[in-house]
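Order of the sequence lines sets the chain letters (A, B, ...), proteins ahead of strands, with each chain counted from 1. Owing to the predicted nature of the structure, the values given are computational and were not obtained by experimental measurement.
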Amino acid sequence: MTGKSAKITQRHLDAASAVLNWYDSHRRHLPWRAGPGQPVDPYRVWLSEVMLQQTTVATVRSAFAEFTRRWPGVADLAAASRDEVMEQWAGLGYYARARNLHACAVAVVNDHGGVFPDTEDELRKLPGVGAYTAAAVAAIAFGRRAVVMDGNIERVAARWQAITTLLPAAKPEIHAEVDALTPDHRAGDFAQAMMDIGATICTPARKSKGRLSQPDCDACPLFETCMGRQGDPALLPMKKPKTPRPDRFGVAVVAEDEAGNILLERRGDKGMLGGMLVFPGSNWADGTPAQSRYPLEDNQAAKRLLEGGEAVTLNGNVEHIFSHFRVILTVIRVKPASGEGWLKVPKNELSGAALPTVMRKVARLAGLEAW
DNA sequence: GACCCGTGGCC
DNA sequence: TGGCCAAGGGT
């Protein structure tokens, strides 16, 4: 997109050239990457980029294989129901990605004749496609020159230029350097090369035995032009400290009717776990453990399940860490007098349902899943 | 800019 | 064990 570029120096040109040469012999071979001279499938590029948002390559490998086997093209994915997509996405997290993934496939079919738009601006308008994904797809799938900035490239560039400004304030400054580095041709290869370098050589610093792990600078194609090596590259990029993660407490009710169905509800589209299935339960509140108060006062429908049946509070808790808080759940098991009004899933079909991981932990504590 | 939004792996 | 991190997007 637009934005200031740093002045392009010979150092920039040398670095970009070295990166592309390195890529030709050291690129990672990943299922969603076309080989040299092989045709690129924009659907697979887009799908992999969405999956890779904040998610590791190892996790995406199997998920990508399952999705492409089930839905080989964008029209197949668009023709699926959203609930099917949510089921297939279960366990991958950030469920807005799954909602947007389906909405995006539908938009490509309905508004673009089933063909992905090939410019950054048009891609950017699709649901779930932000600055990074639009640039990546434009460059990788369509050979456009686009400035691709992700966490890896951000780190590599910040070290290469020895940028000491704190993130995220440093983003424009880093973007300007990446822009100046990005070649007119092979911008997609350049971006993927930078990500490979970030993932395998210019790795994030981790504390190990009280020291910071060091990047493998000797193996890096940017060795000669890197300014970060004049200091300690492991210290870069500098980041603003994160806000602490509070604890929340709540109750989940595992209710099984006479027919062996488990009672669930589907969350609304907005907010946490949107579109996914969850056990009835309380809200998750800051502060004190829920069992010390009146935990289901905020959910009368769930509370009603406990009336009539013998409710058992299970020993132990479910603990789960989300991006911005930790939740500790008390689990109550009950045979309700009536399951009316709840979504019913047969006990033996729970494993294929759109249950997020925290709810699978609840099911496990209640003895419902091997998992 | 700040905050919301999952999960698994690593040391 | 706890804190940090991963090919971010939406509001």
Side-chain angles (χ1 to χ4, degrees), chain A residues 28 30 32-33 44-64 86 89-101 103-104 123-137 139-141 146 148-156 166-172 178 188 190-200 203-213 234 237 239-248 267 269-276 278 284 319-327 354-361:
Chain A
R28 285 182 293 173
L30 301 168
W32 46 87
R33 280 188 181 172
R44 293 166 66 87
V45 174
W46 161 76
L47 177 61
S48 67
E49 291 301 343
V50 171
M51 287 184 164
L52 286 162
Q53 290 167 10
Q54 301 293 288
T55 305
T56 58
V57 167
T59 299
V60 170
R61 274 182 183 277
S62 55
F64 181 81
M86 300 310 290
W89 195 272
L92 290 176
Y94 286 135
Y95 297 100
R97 290 188 297 168
R99 286 178 265 134
N100 287 329
L101 189 82
C104 182
L123 286 162
R124 185 67 181 74
K125 296 174 185 168
L126 294 168
V129 177
Y132 163 76
T133 304
V137 173
I140 297 169
V148 181
M149 271 262 290
D150 78 317
N152 281 311
I153 298 176
E154 210 168 70
R155 179 176 59 260
V156 174
L166 251 49
L167 279 172
K171 277 176 184 286
V178 176
F190 174 79
Q192 293 177 94
M194 290 285 279
M195 290 190 274
D196 283 5
I197 292 166
T200 63
T203 50
R206 288 180 184 284
K207 270 197 277 270
S208 177
K209 302 180 180 67
R211 291 184 36 250
L212 284 183
S213 61
K239 297 190 177 184
K240 186 198 292 196
K242 303 191 168 155
T243 55
R245 176 156 41 202
D247 285 345
R248 296 182 185 173
R267 309 259 308 185
D269 278 4
K270 296 181 64 175
M272 281 206 68
L273 311 177
M276 299 294 281
V278 296
W284 298 345
E319 180 186 318
H320 190 72
I321 297 175
F322 292 100
S323 54
H324 54 297
F325 64 89
R326 177 175 71 157
V327 68
L355 287 181
T357 297
V358 63
M359 293 298 152
R360 292 192 185 273
K361 290 183 181 177

Can you see if the side chain of A:Thr55 gets near the phosphate of B:dG8 - specifically, an N or O under 4.0 Å from OP1 or OP2?
no

Report which part of the nucleic acid A:Ser48 touches: base, sugar-phosphate, or nothing (heavy-atom distance under 4.0 Å, all strands).
nothing

Where the side chain of A:Phe322 is concerned, which of B:dT7, C:dA6, B:dC3 is the nearest nucleotide?
B:dT7

Would the distance check show the side chain of A:Arg97 and the main-chain N or O of A:Gly128 forming a donor-acceptor pair, the cut-off being under 3.5 Å?
no

Heavy-atom donor-acceptor pair, A:Tyr132 side-chain to C:dG8 base, under 3.5 Å:
no

Please determine whether a side-chain nitrogen or oxygen atom of A:Tyr95 lies at a distance below 4.0 Å from atom OP1 or OP2 of B:dT7.
yes

Taking CG from A:Leu355 and C1' from B:dT7, how many angstroms apart are they, rounded to a whole number?
15 Å

Does A:Lys270 have a side-chain nitrogen or oxygen under 4.0 Å from the phosphate oxygens OP1 or OP2 of C:dT11?
no

Indicate yes or no: at least one non-hydrogen side-chain atom of A:Leu123 is less than 4.5 angstrom from one of A:Trp46.
no

C1' spacing across the pair B:dG6 / C:dA6, given as an integer number of angstrom:
12 Å

Using the six-membered ring wherever Trp is involved, compare the ring planes of A:Phe322 and A:His320 and label them parallel, tilted or perpendicular (cut-offs 30° and 60°).
perpendicular

Heavy-atom side-chain contact between A:Lys361 and A:Val358 under 4.5 Å
no

Taking the side chain of A:Ser323 as heavy atoms from C-beta outward, which of B:dC5, C:dA7, B:dG8 is closest to it?
B:dC5

So does A:Gly274 get a backbone contact from the side chain of A:Arg99, meaning a donor-acceptor N/O pair under 3.5 Å?
yes

Tell me whether the side-chain N/O atoms of A:Arg245 come closer than 4.0 Å to OP1 or OP2 in C:dC4.
no

How many whole angstroms separate atom CE of A:Met272 from atom C1' of B:dC5?
7 Å

If you find the nucleotide of DNA chain C closest to A:Arg28 and the one closest to A:Gly128, which residue's nucleotide is nearer the 5' end?
A:Arg28

Looking only at atom C1', what distance separates B:dA2 and C:dA7, rounded to whole Å?
23 Å

Examine B:dT7: is either OP1 or OP2 under 4.0 Å from a nitrogen or oxygen in the side chain of A:His320? Give yes or no.
yes

Of all the choices, C:dG9, B:dG6, C:dA7, which nucleotide is nearest to the side chain of A:Gln53 once you look at every atom?
C:dG9

Expressed in angstrom and rounded to an integer, what is the separation of A:Gln54 atom CD from C:dG8 atom C1'?
5 Å

So which protein nitrogen or oxygen atoms get under 3.5 Å of nucleotides 9-11 of chain B's nitrogens or oxygens?
residue, atom, partner, partner atom, Å
B:dC11, O3', A:Ser208, OG, 3.2

Please identify each residue that fulfils side chain to side chain donor-acceptor pair (under 3.5 Å) with A:Asn100, with sequence neighbours left out.
none

Taking only the side-chain heavy atoms of A:His324 (C-beta and beyond), determine which of B:dG6, C:dA7, B:dC5 contains the nearest atom.
B:dC5

How long is the line joining CE of A:Met359 and P of B:dT7, in whole Å?
10 Å

Using the P atom as the point on both nucleotides, what is the distance between B:dC5 and C:dG2, in whole Å?
23 Å

Of A:Lys240 and A:Leu92, the one whose closest nucleotide on DNA chain B sits nearer the 5' end is A:Lys240

Donor-acceptor under 3.5 Å (A:Thr203 side chain, A:Thr200 main chain):
no

Has the side chain of A:Arg267 got a donor or acceptor atom that lies under 3.5 Å from a matching backbone atom of A:Val278?
no

Take atom CD1 of A:Ile153 and atom P of C:dA6, then tell me their distance rounded to the nearest Å.
13 Å

